[in-house]
A.B. asks: 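Could you have a look at this structure, given as structure tokens, before my questions?
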Amino acid sequence: QARLVESGGGLVQPGGSLRLSCAASGSGFRINAMGWYRQAPGKQRELVATITSGGSTTYADSVKGRFTISRDNAKNTVFLQMNSLKPEDTAVYFCNAEVQRNAFTRGSSWGQGTQVTVSS
């Protein structure tokens, strides 16, 4: 069982920065890849960034150069540093983890989401 909890969201002005965190807690699992997704009102959930256990990263074109994903494997925590924020970045941000429970059982866990609002 793995529980993911996001934190760090809030209200910022355009051009501002936020740092999101997501920590996985529980026992009987191992975290492989992790990622950040976002969902704006009336829109589909979209991938923002991913990071493997080895540190390889990918980014959506819309955030490339502005956002940075990182992780602390010892603490089962993933971060998303968001700079030069735009109103278009306003959404609920969710973290996701690929959870390995044994050599043959793998699943996906989601956090509850944290609101990011970019507005003047």
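Model, not experiment: these values are computed from the prediction. What's counted below: heavy atoms across the whole structure, side chains too, no hydrogens, waters or symmetry copies.
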A.B. asks: Can you find a heavy atom in the side chain of Lys86 that is under 4.5 Å from one in the side chain of Arg66?
C.D. replies: yes

A.B. asks: Pair Val5, Ser25 - check side-chain contact (heavy atoms from CB on, under 4.5 Å), show working.
C.D. replies: CA-CA 8 Å; Val5 180; Ser25 62; 5.7 Å; no

A.B. asks: Quick check: do Phe29 and Asn76 have side-chain heavy atoms less than 4.5 Å from each other?
C.D. replies: yes

A.B. asks: Got a sec, which residues hit side chain to side chain donor-acceptor pair (under 3.5 Å) with Asn83, two or more places apart in sequence or on another chain?
C.D. replies: Ser17, Gln81

A.B. asks: Minimum heavy-atom separation for Ala23 to Thr77, with atom names?
C.D. replies: CB-OG1, 3.8 Å

A.B. asks: For Arg19 and Ser70: C-alpha separation, side-chain torsions, deciding distance, then whether side-chain contact (heavy atoms from CB on, under 4.5 Å) applies.
C.D. replies: CA-CA 11 Å; Arg19 183 176 174 85; Ser70 61; 4.3 Å; yes

A.B. asks: Pairs under 3.5 angstrom only: tabulate donor-acceptor contacts from the side chains of residues 43-50 to other protein residues two or more places apart or in another chain.
C.D. replies:
residue, atom, partner, partner atom, Å
Glu46, OE2, Arg38, NE, 2.7
Glu46, OE2, Arg38, NH2, 3.3
Thr50, OG1, Thr58, OG1, 2.4

A.B. asks: Taking the six-membered ring of Phe79 as reference, does the NZ or CZ atom of Arg71 fall below 6.0 Å from its centre and within a 45° cone about the axis?
C.D. replies: no

A.B. asks: Quick check for you: to the nearest 0.5 Å, what is the distance between Ser53 atom OG and Asn32 atom CG?
C.D. replies: 6.0 Å

A.B. asks: Quick one: are Met82 and Val116 in side-chain contact, heavy atoms under 4.5 Å?
C.D. replies: yes

A.B. asks: To the closest 0.5 Å, what do you measure between CG (Leu20) and CZ (Phe94)?
C.D. replies: 12.0 Å

A.B. asks: Write out all pairs satisfying salt bridge (charged side-chain N to carboxylate O under 4.0 Å, His left out) with one or both partners inside residues 106-117, taking only residues at least two apart or from two chains.
C.D. replies: Glu98-Arg106

A.B. asks: Given the rule in the side-chain contact (heavy atoms from CB on, under 4.5 Å) test, do Val78 and Ile69 qualify, once you have shown the distances and angles that lead to the verdict?
C.D. replies: CA-CA 7 Å; Val78 63; Ile69 188 171; 3.8 Å; yes

A.B. asks: Kindly write out the residues that satisfy side chain to side chain donor-acceptor pair (under 3.5 Å) with Thr117, not counting sequence neighbours, or none if the list is empty.
C.D. replies: Gln115

A.B. asks: Which distance, rounded to the nearest 0.5 Å, do you find between the OH of Tyr93 and the CG of Leu18?
C.D. replies: 9.0 Å

A.B. asks: Looking only at atom types and distance, does a side-chain atom of Glu6 sit under 3.5 Å from a main-chain N or O of Gln112, one as donor and one as acceptor?
C.D. replies: yes

A.B. asks: Nearest 0.5 angstrom please: Asp89 CG to Ser119 OG, how far?
C.D. replies: 12.5 Å

A.B. asks: Drop me the distance from Ile51's CD1 to Trp36's CH2, to the nearest 0.5 angstrom.
C.D. replies: 12.0 Å

A.B. asks: Whether the side chain of Thr90 engages the backbone of Pro87 through a donor-acceptor N/O pair (distance < 3.5 Å, no angle test) should be reported.
C.D. replies: yes

A.B. asks: Consider only side-chain heavy atoms of I, L, V, M, F, W and Y, link residues closer than 4.5 Å, and tell whether Val92 and Leu4 are in one cluster.
C.D. replies: no

A.B. asks: For the pair Lys64 and Asp61, find out whether any cationic side-chain nitrogen is under 4.0 Å from an anionic carboxylate oxygen.
C.D. replies: yes

A.B. asks: Measuring from Ile31:CD1 to Gln100:CD, what's the distance to the nearest 0.5 Å?
C.D. replies: 10.0 Å

A.B. asks: Please identify each residue that fulfils side chain to side chain donor-acceptor pair (under 3.5 Å) with Ser108, with sequence neighbours left out.
C.D. replies: Asn96

A.B. asks: What residues form a ring pair (Phe, Tyr, Trp, His ring centres under 6.0 Å) with Tyr37, not counting sequence neighbours?
C.D. replies: Trp110

